Chemist: 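Okay, handing you the structure first.
All figures in this text were calculated on a predicted structure; none of them were measured in a lab. Just so we're on the same page: letters track the sequence lines, and every chain starts at 1.
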Amino acid sequence: MGTLTDVSISLPTWGEVFRVLTFQAGFNTSIVIIGATLLGFAAGNIGTFALLRNRALMGDALAHCTLPGLALAFIFASLLGFDGKSLPTLLAGATLTGVLGVITVQLLVRYSRLEQDTAIGAILSTFFGAGVVLMSIIQNLGTGQEGGLHHFIFGQTAAMNRFDAFFILAVAILASAVCLALLKEFRLVCFDEQFARSDGWPVATIDLTMMSLVVLVTVFGLQAVGLLLIVALLIIPAAAARFWTQRLTTMTVVAATIGALSGYFGASASALLPRLPAGAVVVLVSGVLFFGSLLFAPERGVLSSMFSALFLRIRIAKEHFLREVYETREASGVDPQASGIPIALTSLLSARNWSLPFRTLMLLILRLDGTVCTDSDGITLSETGVKESALKVRNHRLWEEYLLTHSEISISHVDYSADLVEHFISEELLKKLEHSLHERGKLSSPVEVPRCLHSVDTEETT
Amino acid sequence: MVQFLKDQTDNLAERPEHSPESPLSVHSMTVAYQQRPVLWDMEYEARPQSLIAIVGPNGAGKSTFIKACLGLIPIATGAVEFWGKPYSEQRHRIGYVPQRESVDWDFPVSALEVVCMGRYRKIGWFRRIGQEHRKKSLDALTQVGMEDFADRQINQLSGGQQQRVFLARALAQEAELYFMDEPFAGVDAATERSIIEVLRTLKSDGKTVIVVHHDLSTVPEYFEDVLMMNTRVIAAGPVSEVFTDENLRKTYGGKLTLLEEVGESLARATRGEKVP
C-alpha cells in the first residue's frame with residue numbers, strides 16, 4: 001500500500017499500451033478487456049430502449065436495490081454452510097431484491113400519487129441503506145471473507161474471469177437478438193404506448209421483456225462496474241448516440257458502439273494504470289464520448305447550433321446594413337441604385353450597435369464576399385452590393401405594403417414587423433407578395449422598389 | 001335491484017336499442033379517477049357510416065370517453081360493445097388517433113415509420129415491415145398530402161403536419177370505426193381542410209368516424225351527428241335535431257360567452273399549442 005503522499009502514477013510505455021490494446025498483455029488482461037467491451041455493447045444496446053421508454057433511471061433503482069440481496073445471499077449461504085462468496089448465489093440474491101425494488105417503485109407510481117422520480121429516490125435509498133446495514137452486520141460476523149462484497153459497490157473489473165466474460169457474452173448476444181427481433185414492438189411501445197394498447201399489443205409483456213434485459217445487463221455488470229455506476233453504461237452511450245442520428249436502428253448501433261468503446265478503452269486504461277478502478281474509468285471514457293457528441297455532433301450538437309445561430313445573426317446584420325446604406329443614400333438625394341458613388345461607410349459601420357469584435361468580423365465578411373470594396377476614398381459598396389441592397393429594401397417595403405393593405409396594422413408598427421420578417425422571405429413567398437400587391441395596384445412594375453412608407457429615420461444612421 | 005342491474009348489463013346486443021349494426025354501443029358507462037367519477041352513466045349508440053362530433057367544455061371527459069371505449073382506461077360500471085361484440089373481438093376493425101401532445105415528437109423515427117405502425121397489427125410479431133406494408137403506408141401519407149415528407153424526421157414537421165402523420169397512421173390501420181382525439185387542435189387552415197377531406201372520404205367508404213371537436217362553429221358543416229356531453233350525455237343525434245341553443249346551454253352550463261372562448265384559446269396558447 002502506498003502512503004497518501006505517494007500519489008504518482010507510473011505512466012506505461014507505448015509498447016505496453018500497444019500490447020494491452022491488441023490483446024497481447026496476457027490472458028487475464030485480455031479477458032477483462034473483452035468482457036468490459038461486451039458489457040458496454042450490451043448496455044448501450046438495451047439502454048437505447050430504456051432511455052426512449054423513460055425507464056433509464058429504473059436501471060439505477062434496480063442496481064442500488066441489489067445491495068441488500070447480495071448481503072442476504074451471503075448471510076444465508078454462510079449460515080447454511082455453503083460458500084458465501086459463490087458468484088451465482090450472490091447474483092441470484094442481487095436479482096431478487098433488485099427486481100423487488102423495481103416492482104415496489106412501479107406499485108408506488110401506480111397506486112399512490114407519487115411521481116416516478118420521487119418513488120425511485122425513496123426506494124433506491126431505502127434498499128441501499130438496508131444493504132449497507134446488512135454489510136456491517138456481515139463484518140461483525142467475523143467470517144473473515146466479507147471483504148469481497150464491497151467490490152460490488154464500486155466494481156472490480158480485474159477480478160473478471162473467463163466464465164464471467166462468457167456470461168457477459170451470452171447476455172450481449174441475447175440482448176442483441178431480442179432487440180433485433182422485437183425492434184418493431186419496442187419502437188411502437190417506446191413512441192406511443194396508448195396507440196400500442198389500443199391496437200391490441202400487450203404493452204406490459206413488451207415492457208417486461210425490455211426490463212428483463214436491463215436486469216440481466218445490470219446484474220452481470222455489477223461485478224465489473226459496480227452498482228453505483230452501472231446505470232451510467234445504460235444511459236450515457238444511448239444519450240450520446242441520440243446526438244448523432246435521427247433513426248432508432250442507427251441509434252441502437254451507435255449506442256452499442258459507444259458502450260463497447262468505453263468498455264474497451266476503460267478496461268485497457270485500468271490494466272495499464274493498475275491503481276485506477278476500472279469501472280470508474282470505463283464510465284469516465286463513456287462520459288468523454290458523451291461530451292464529445294454533445295459538442296461536435298452535426299445538427300444536434302452544441303457547436304453546430306451555435307454556429308448556425310451565428311451565421312443567421314451575421315446574415316441579418318448584413319441585410320440590415322445594406323438596407324441602411326440604401327436608405328441613407330435615398331434620404332440624401334443620391335440615386336440609391338447607382339453604383340460607384342462612394343459613400344462614407346465608416347461612419348455608417350460605427351453607427352450600428354455592433355460591438356468592436358463583431359464589427360471587425362462583419363467588415364471582413366462584407367469584404368470577402370464582395371459586398372464592399374476598399375479604395376482610396378475609404379469603403380464603397382460594390383456593384384453586387386448595390387444590387388443586393390436594392391433587393392433587401394424591396395423585400396422590406398413589399399412586406400410593409402402587404403401588412404398595410406391586407407391587415408390592419410398601423411403604419412407606425414409595420415417597420416418593426418418587416419424588420420423581423422424580411423430576412424425570411426423566400427423566392428416563392430416573394431412571388432406571392434408581388435402578385436398580391438400587383439392585383440391591388442400597389443406595384444406597377446415587377447422590378448420597382450416601392451417608395452418608403454415612413455420617413456427614413458436619419459437620426460439613427462448619422 | 002340486483003336483478004335490475006343484471007338486466008341492464010346483460011347482453012347488450014339483444015336489447016332492442018343496441019343493434020349489432022351499430023359500430024359503437026355504450027351502456028351505463030361510469031368511469032372514475034382516484035374515486036372521483038369523471039363520466040356518469042353514459043348511454044350512447046353511434047349511427048353507422050356517419051361523421052360524429054363529440055363536443056363539451058374542458059373537463060367534460062371527452063377524451064376519457066374515447067379512451068374508456070378503447071379500453072385504455074378501466075370502466076367502473078357499464079359496458080361497451082362494437083357491432084354487438086366486446087372490444088377484444090373487434091379490435092382489428094377499430095382505428096385510433098390519439099392527441100398529438102400525447103407523444104414525444106423528438107423521438108428518432110421518420111414520418112413513414114410512424115405511419116407503418118398502423119400496419120404492425122397486420123404484420124404480426126417479430127416480422128420485418130415488408131414492401132407491401134410500406135407501400136400501403138406511403139399511400140396513406142399520400143392521402144393526407146404528406147408523401148413528400150415520408151423520410152422527414154418527425155421533429156422537423158409542423159404541428160399540422162404531425163397531426164396529418166397521425167391521421168395517416170390511422171388510415172394505414174384500414175379500420176371501419178375511427179376514434180380521433182382532437183385532430184383539429186392547433187392545426188393550420190390547410191391541414192384542417194385536408195383532414196376534413198379525408199374524413200368525408202372515409203364516410204363515403206362506409207366508415208364511421210368519432211371525433212373530439214372543439215370548434216363549435218364548424219360542427220354543422222363538418223359533422224352530421226353530434227354527441228354533446230358534460231361528464232354525462234346531454235344530447236346525442238343528428239346535428240340538425242340536437243345541436244340547438246338549448247342543448248348547448250345545457251352542455252356548457254350557460255357560460256358559453258365570447259369571453260370564455262377567448263380565455264380558452266389563451267389558455268391553449270400558454271400551454272404552447274398553436275391557436276388556429
Side-chain angles (χ1 to χ4, degrees), chain A residues 47-49 51-56 109-114 177-206 209 238-255 293 297-300 305, chain B residues 33-34 63 66-67 69-73 87-114 116-130 133 151-156 165-166 169-170 172-173 175 178-179 181:
Chain A
T48 305
F49 297 100
L51 188 82
L52 291 174
R53 185 78 179 107
N54 289 326
R55 295 284 159 86
V109 172
R110 183 174 296 178
Y111 293 108
S112 76
R113 289 177 182 224
L114 291 180
V178 172
C179 289
L180 203 64
L182 288 177
L183 176 68
K184 179 168 106 275
E185 289 77 6
F186 280 0
R187 177 196 286 140
L188 177 66
V189 169
C190 289
F191 175 62
D192 194 345
E193 181 195 343
Q194 291 205 327
F195 180 83
R197 281 168 60 200
S198 82
D199 208 30
W201 293 94
V203 172
T205 312
I206 294 172
T209 313
R242 186 66 187 91
F243 284 109
W244 295 98
T245 176
Q246 304 273 38
R247 286 287 180 278
L248 180 57
T249 33
T250 324
M251 183 178 164
T252 320
V253 174
V254 174
S293 311
E299 282 183 59
R300 292 177 78 93
S305 29
Chain B
Y33 273 139
Q34 318 254 9
S63 292
I66 283 190
K67 287 179 188 166
C69 288
L70 291 169
L72 298 176
I73 293 174
Y87 182 59
S88 53
E89 287 173 39
Q90 302 284 21
R91 216 165 234 155
H92 58 285
R93 300 170 73 181
I94 300 159
Y96 176 41
V97 179
Q99 277 184 30
R100 187 162 54 88
E101 294 82 37
S102 67
V103 304
D104 170 19
W105 286 95
D106 197 33
F107 198 85
V109 287
S110 68
L112 183 63
E113 281 173 324
V114 172
C116 282
M117 289 177 187
R119 307 291 306 168
Y120 283 8
R121 182 167 49 192
K122 292 193 169 63
I123 298 169
W125 284 92
F126 307 119
R127 301 235 288 277
R128 309 276 95 177
I129 304 159
H133 294 289
D151 291 323
R152 197 71 80 82
Q153 155 71 17
I154 53 170
N155 66 8
Q156 289 162 3
V165 168
F166 259 18
R169 180 176 68 176
Q173 287 185 289
Y178 283 101
F179 288 95
D181 205 341

Chemist: Between A/Arg242 and chain B, with a heavy-atom cut-off of 4.5 Å, which part of the residue counts as in contact: side chain, backbone, both or neither?
Modeler: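 A/Arg242 touches chain B through side-chain heavy atoms alone.
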Chemist: Is it the backbone or the side chain of B/Val97 that comes under 4.5 Å from a heavy atom of chain A, or both, or neither?
Modeler: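 No part of B/Val97 comes within 4.5 Å of chain A.
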Chemist: Can you tell me how the ring of B/Phe107 sits relative to the ring of A/Phe191, calling it parallel under 30°, perpendicular over 60° and tilted otherwise?
Modeler: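 Aromatic pair B/Phe107/A/Phe191 classed tilted.
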Chemist: Taking every non-hydrogen pair under 4.5 Å, which of A/Leu248, A/Asp199, A/Leu183 racks up the most with chain B?
Modeler: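 The residue among A/Leu248, A/Asp199, A/Leu183 with the greatest pair count is A/Asp199.
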Chemist: With a 4.5 angstrom heavy-atom cut-off, is it the side chain or the backbone of B/Tyr87 that approaches chain A, or both, or neither?
Modeler: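 Only the side chain of B/Tyr87 comes within 4.5 Å of chain A.
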Chemist: Scan side-chain atoms only and decide if B/Tyr120 and B/Arg169 contain a donor-acceptor pair under the 3.5 Å cut-off.
Modeler: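 Judged by distance alone, the side chains do not pair up.
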Chemist: What part of A/Leu51 gets within 4.5 angstrom of chain B, counting heavy atoms only: side chain, backbone, both, or neither?
Modeler: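 Neither part.
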Chemist: Under a 4.0 Å threshold between the charged nitrogen and the carboxylate oxygen, would B/Asp181 count as salt-bridged to B/Lys67?
Modeler: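 Between B/Asp181 and B/Lys67 there is no salt bridge, as every charged N stays at least 4.0 Å from the carboxylate O atoms.
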Chemist: Check each of A/Thr245, A/Thr48, A/Leu52 against B/Pro108 using the side-chain contact (heavy atoms from CB on, under 4.5 Å) test, and report the only one that passes.
Modeler: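 Considering A/Thr245, A/Thr48, A/Leu52, a side-chain contact (heavy atoms from CB on, under 4.5 Å) with B/Pro108 is found only for A/Leu52.
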Chemist: What part of B/Arg121 is in contact with chain A, defined as an atom under 4.5 angstrom from a non-hydrogen atom: side chain, backbone, both or neither?
Modeler: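 Both backbone and side chain.
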Chemist: Taking side chain to side chain contact (heavy atoms under 4.5 Å, CB included) as the definition, give me every residue that meets it alongside B/Asp104, ordered by chain and number, with sequence neighbours left out.
Modeler: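 Result, side chain to side chain contact (heavy atoms under 4.5 Å, CB included) vs B/Asp104: B/Asp106.
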